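First the structure, in the form of structure tokens, and then the observations on it.
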Amino acid sequence: MSSKKRRDIPRFETPIIETHCHLDYLDQSELDVTLEKSREMGVERIITIAVSADNLHRVMELTKVSPYIWGTQGIHPHDAASYTPAVDDIIRANAADKRIVAVGEIGLDYHYDLADRSVQCSAFEAQLQAAVDLNLPVVIHTREADDDTRAILQNYSSSLSRKGVIHSFTSSLALAEFCLAEGFMLGFNGIITFNRADNVREIVAATPLSQILLETDAPYLTPVPYRGKPNAPYYLPFIAEAVAAIKAIDIEDLLQQANSNSRALFFSGA
Ligand SMILES: [Zn+2]
Ligand SMILES: [Zn+2]
């Protein structure tokens, strides 16, 4: 609608790992374009995240259509009511596949409260136990649920040998400090490019470089200057730029650190 040209996506040398997006929203032709453009922008691996009993299978399929795509298995707090013993069996069976790199996304969302809070807590706990049993890291979603997230993680953290990431981190500095001290990483996305996100930029500033992951959470949360368009992994360079600016370091150095963090968390078990 606007003829104003947006700044092109910057292309950096260091390969980028997309640690959190939702490719199952795309149809086949959109997927083809997204993969090709992401590769051109230096994205070398993409982790597509499961959220519901309905998309567990689709994530498995996506990891088979391209060697470039990896996946997770898990039930999002919004869908916690669908976490049944039968679904638990599917998650555990699918997670044995080498292309599944984590249990997630799991956690608590008290902003939308789409599932009863006690149901969210039990699904979260059961899936943390699955990650312990499977020796996989976890991808955690938490929103406006700091106290319960902390209480539950406190019980499981020491058993989770590979820890995990709190993705799209927007919670308090206190929760960030707790998670970082427990050895978890924090995932940051386009939110840090938004005007009204000083609180999240403060968390980035407080997070050690060795515990930062980059993600888009596509198709949501498109970074500036492409807000209004659907998000995609090829916008990761904008997120890397924003993190590097907050940390006052060279972008290539930031990308190398983020790449090695991503590999250590998700690709060290194979
Ligand atoms: Zn999430
Ligand atoms: Zn997500």
Side-chain angles (χ1 to χ4, degrees), residues 17-26 31 34 38 43 45-60 62-63 69-83 91 100-115 117 119-121 123-124 127-128 131 136-146 148-149 152-153 163-172 175-176 179 184-194 197 199-200 203-204 212-223 230-236 239 262 265-266:
I17 296 178
E18 160 71 285
T19 64
H20 191 119
C21 68
H22 301 275
L23 295 180
D24 56 294
Y25 288 78
L26 304 174
L31 179 66
T34 298
S38 298
V43 179
R45 291 183 182 197
I46 294 176
I47 301 175
T48 190
I49 306 290
V51 294
S52 71
D54 294 334
N55 90 336
L56 294 173
H57 178 68
R58 180 62 185 142
V59 167
M60 297 304 291
L62 282 165
T63 67
I69 304 175
W70 305 69
T72 68
Q73 292 283 284
I75 304 296
H76 192 284
H78 290 345
D79 268 295
S82 72
Y83 187 77
I91 289 172
I100 296 304
V101 296
V103 171
E105 60 187 295
I106 62 175
L108 305 173
D109 193 315
Y110 294 174
H111 177 76
Y112 288 107
D113 271 329
L114 295 186
R117 291 184 180 182
V119 173
Q120 292 190 40
C121 287
F124 186 26
Q127 294 181 93
L128 287 167
L136 284 172
V138 286
V139 175
I140 294 173
H141 170 113
T142 181
R143 189 161 179 201
E144 294 174 25
D146 291 25
D148 287 353
T149 298
I152 289 172
L153 280 184
K163 305 297 180 188
V165 57
I166 322 306
H167 103 93
S168 192
F169 195 92
T170 54
S171 300
S172 66
L175 185 65
C179 294
F184 288 87
M185 299 198 186
L186 305 185
F188 299 105
N189 53 40
I191 291 175
I192 64 167
T193 68
F194 299 173
N199 58 324
V200 185
I203 305 284
V204 174
I212 288 178
L213 295 186
L214 305 177
E215 62 170 62
T216 60
D217 207 9
Y220 316 108
L221 303 170
T222 310
N231 201 0
Y234 47 75
Y235 291 131
L236 277 163
I239 296 159
S262 306
L265 182 60
F266 295 114

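Quick note: residue numbers are just sequence positions, from 1. Every number for a ligand or one of its atoms is a count from 1 in the order of the listing. Because the structure is predicted, anything quoted here is derived from the model rather than measured.
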- Item | Sole residue of Y110, Y112, F169 in side-chain contact (heavy atoms from CB on, under 4.5 Å) with R143 |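 Passing option: Y112.
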
- Note on the structure: The OE2(E105)-the Zn ion (ligand 2)-NE2(H20) angle, to 10°, is 90°

- Query: Which class fits the ring pair H20 and H22: parallel under 30°, tilted 30 to 60°, perpendicular over 60°?
  - Reply: perpendicular

- Message: I'd like to know if the Zn ion (ligand 2) has an N/O/S atom from H76 within less than 2.8 Å of it, counting both backbone and side-chain atoms.
- Response: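 H76 does not place any N, O or S atom closer than 2.8 Å to the Zn ion (ligand 2).
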
- Message: With a cut-off of 2.8 Å, does C21 put an N/O/S atom close enough to the Zn ion (ligand 2)?
- Response: no

- Task: Start with the C-alpha gap between I140 and F184, add the side-chain angles, then the distance that decides, and say whether side-chain contact (heavy atoms from CB on, under 4.5 Å) holds.
- Result: CA-CA 10 Å; I140 294 173; F184 288 87; 4.3 Å; yes

- Message: Suppose we only allow N, O or S atoms; which atom of H141 ends up nearest to the Zn ion (ligand 1)?
- Response: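 Sorting the N, O and S atoms of H141 by distance to the Zn ion (ligand 1) puts ND1 first.
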
- Just give me the atom name: the N, O or S atom of D217 closest to the Zn ion (ligand 2). OD1

- Check the pair D113, Q120 against side-chain contact (heavy atoms from CB on, under 4.5 Å), reporting the backbone distance first and the verdict last. CA-CA 9 Å; D113 271 329; Q120 292 190 40; 4.0 Å; yes

- Item | Derivation of the side-chain hydrogen bond (donor to acceptor under 3.5 Å, both in side chains) call for D146 and S172 | CA-CA 7 Å; D146 291 25; S172 66; 2.6 Å; yes

